[in-house]
Asks: 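I'd like to ask some things about the structure below.
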Amino acid sequence: MSRTPVIGVLALQGDVREHLATLSALGAEAVLVRRPEELAAVDALVVPGGESTTMAKLAARSGLLQPLRDAVAGGLPVYGSCAGMILLADRLLDAPADQVTVGGLDVTVRRNAFGRQVDSFESQVEIDGVPGGPVHAVFIRAPWVEQAGEGVEVLGRVVGGAADGRIVAVRQGSLVATSFHPELTGDRRVHALFVDTVRRHLAEQAGSAPEGAAGDERGPRAVDERASSPVDTAGRPRTRPTSASEEDL
């Protein structure tokens, strides 16, 4: 039997509590990551929504930035939501000249692509590899992927409206990123996709990949029934953050 994956949530700033609750509900051991030694102890990492420039500066000051880059380069599975997508991007548009990223995703991401705070919205997005119909997506001053490299799999796009066709979910190897905040809706399916990716990564390291896990090119794995049950602590979808820690500036 495979062991329980230990998945860290980068806890410098942002939607930490919601991600911890969702990961725990899916059977992972969810822990906080604030220091390099905590990063070294996890099997995977979630970079939450928040304020990307603040998180990058705090990571640099705490000595985490280079370990994060090294971990991603070494194959650590990472999921980034909203600001997390920005931090995983190799290239940024509409960003401060001095903004740094962890990198790893061969994408160009445009910050605040959908507009300012008043332009935050909710929509339905079909995500490849996530069965059960569209995901209810909450976009809060969200980025989008302007350009994806050849090795990047596009998982989801906006349908309809002025942003029709814009890329809002991607995967490259063991890196997953979304423009939106699934941790705020109670729908665990995107997190389940990532947890399956982590389990596959661990199984491959151990020499036996689980049949049908996420990332298997033979087709999407059925999401565990726990993924479709709401997370009480995540609450209902929100179109506005309750604090600055839930937005990217």
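Quick note: residue numbers are just sequence positions, from 1. Keep in mind that what you see is a predicted model, and the values were worked out from it rather than measured.
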Asks: For Ala177 versus Leu105, what's the shortest heavy-atom pair and its separation?
Replies: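 Scanning both residues, the minimum pair turns out to be CB-CD1, 3.7 Å.
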Asks: Only counting residues at least two apart or in another chain, list the ones meeting side-chain hydrogen bond (donor to acceptor under 3.5 Å, both in side chains) with Glu29.
Replies: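 Partners of Glu29 by the side-chain hydrogen bond (donor to acceptor under 3.5 Å, both in side chains) criterion come out as none, since no residue qualifies.
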Asks: Between Cys82 and Ser179, is there a side-chain heavy-atom distance shorter than 4.5 Å?
Replies: no
Asks: Looking at every heavy atom in both Ala59 and Leu68, which two are closest together, and how far apart are they?
Replies: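 Heavy atoms only, the tightest pair is CB-CD1, 4.3 Å.
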Asks: Indicate yes or no: at least one non-hydrogen side-chain atom of Arg171 is less than 4.5 angstrom from one of Thr197.
Replies: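 A side-chain contact under 4.5 Å exists here.
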Asks: Quick check: closest heavy atoms across Ala11 and Val16, and the distance to 0.1 Å?
Replies: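 Minimum heavy-atom contact is CA-CG2, 3.7 Å.
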Asks: Between Val107 and Gln172, is any pair of side-chain heavy atoms under 4.5 Å apart?
Replies: no
Asks: In the structure I gave you, are the side-chain heavy atoms of Val145 and Val109 within less than 4.5 Å of one another anywhere?
Replies: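 The answer is yes, as the side chains (C-beta and beyond) meet within the 4.5 Å cut-off.
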Asks: Which residue pairs pass the ring pair (Phe, Tyr, Trp, His ring centres under 6.0 Å) test when at least one of the two sits in residues 91-111, sequence neighbours left out?
Replies: none
Asks: Any side-chain heavy-atom pair from Leu64 and Leu10 closer than 4.5 angstrom?
Replies: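 Leu64 reaches Leu10 side chain to side chain.
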Asks: Throw together a table of side-chain donor-acceptor distances under 3.5 angstrom for residues 72-79, partners on residues two or more places apart or in other chains.
Replies:
{"from": "Tyr79", "atom 1": "OH", "to": "Thr178", "atom 2": "OG1", "distance (Å)": "2.7"}

Asks: Sequence neighbours left out, what passes salt bridge (Lys or Arg N to Asp or Glu O under 4.0 Å) with Glu37? Give chain and number order.
Replies: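 Listed in chain order: Arg35.
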Asks: Are Arg199 and Pro5 close enough that some pair of their side-chain heavy atoms sits under 4.5 Å apart?
Replies: yes
Asks: Holding to side-chain hydrogen bond (donor to acceptor under 3.5 Å, both in side chains), I want the full list of residues that pass it with Thr4, two or more places apart in sequence or in another chain.
Replies: none
Asks: Apply side-chain contact (heavy atoms from CB on, under 4.5 Å) to Phe139 and Val168, showing your working.
Replies: CA-CA 10 Å; Phe139 295 87; Val168 293; 3.7 Å; yes
Asks: Side chains of Val158 and Phe114, heavy atoms from C-beta outward: is any pair under 4.5 Å?
Replies: yes
Asks: Not counting sequence neighbours, which residues clear side-chain hydrogen bond (donor to acceptor under 3.5 Å, both in side chains) with Thr54? List them please.
Replies: Glu51
Asks: Which is it for Phe194 and Thr22 under the side-chain contact (heavy atoms from CB on, under 4.5 Å) test, yes or no, and what are the steps along the way?
Replies: CA-CA 11 Å; Phe194 179 61; Thr22 304; over 6 Å; no
Asks: When clusters are formed by joining ILVMFWY residues with side-chain heavy atoms under 4.5 Å apart, either directly or through shared neighbours, do Leu88 and Leu58 land in the same one?
Replies: yes
Asks: Please name the pair of heavy atoms, one in Val135 and one in Val130, separated by the smallest distance, quoted to 0.1 Å.
Replies: CG2-CG1, 4.0 Å
Asks: Show, in sequence, the C-alpha distance, side-chain angles and deciding distance for His136 and Asp187, and conclude whether the side-chain contact (heavy atoms from CB on, under 4.5 Å) test is met.
Replies: CA-CA 8 Å; His136 187 89; Asp187 186 336; 5.5 Å; no
Asks: Using side chain to side chain contact (heavy atoms under 4.5 Å, CB included) as the criterion, list what pairs up with Val100, not counting sequence neighbours.
Replies: Ala56, Leu65, Arg69
Asks: Could you pull out all donor-acceptor pairs under 3.5 Å where a side-chain atom in residues 42-49 meets a protein atom, sequence neighbours excluded?
Replies:
{"from": "Asp43", "atom 1": "OD1", "to": "Arg3", "atom 2": "NH2", "distance (Å)": "2.7"}
{"from": "Asp43", "atom 1": "OD2", "to": "Arg3", "atom 2": "NH1", "distance (Å)": "2.8"}
{"from": "Asp43", "atom 1": "OD2", "to": "Arg3", "atom 2": "NH2", "distance (Å)": "3.4"}
{"from": "Asp43", "atom 1": "OD2", "to": "Val6", "atom 2": "N", "distance (Å)": "2.8"}

Asks: Check whether any side-chain heavy atom of Ser52 lies under 4.5 Å from a side-chain heavy atom of Gln99, and answer yes or no.
Replies: yes
Asks: Flag the pair Arg157 and Asp164 as a salt bridge only when some basic side-chain nitrogen lies within less than 4.0 angstrom of an acidic carboxylate oxygen.
Replies: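 Judged by the 4.0 Å cut-off on N to carboxylate O distance, Arg157 and Asp164 do not form a salt bridge.
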Asks: So which pairs with a foot in residues 15-38 pass ring pair (Phe, Tyr, Trp, His ring centres under 6.0 Å), sequence neighbours left out?
Replies: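 Sorted result for residues 15-38: His19-His191.
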Asks: Please name all residues satisfying salt bridge (Lys or Arg N to Asp or Glu O under 4.0 Å) with Asp94, sequence neighbours left out, ordered by chain then number.
Replies: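 So Asp94 forms a salt bridge (Lys or Arg N to Asp or Glu O under 4.0 Å) with Arg110.
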Asks: Would you mind listing every ring pair (Phe, Tyr, Trp, His ring centres under 6.0 Å) that reaches into residues 30-65, with sequence neighbours excluded?
Replies: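 Non-adjacent pairs meeting ring pair (Phe, Tyr, Trp, His ring centres under 6.0 Å): zero.
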Asks: Can you list the residues that meet the salt bridge (Lys or Arg N to Asp or Glu O under 4.0 Å) rule with Glu126, with sequence neighbours excluded?
Replies: none
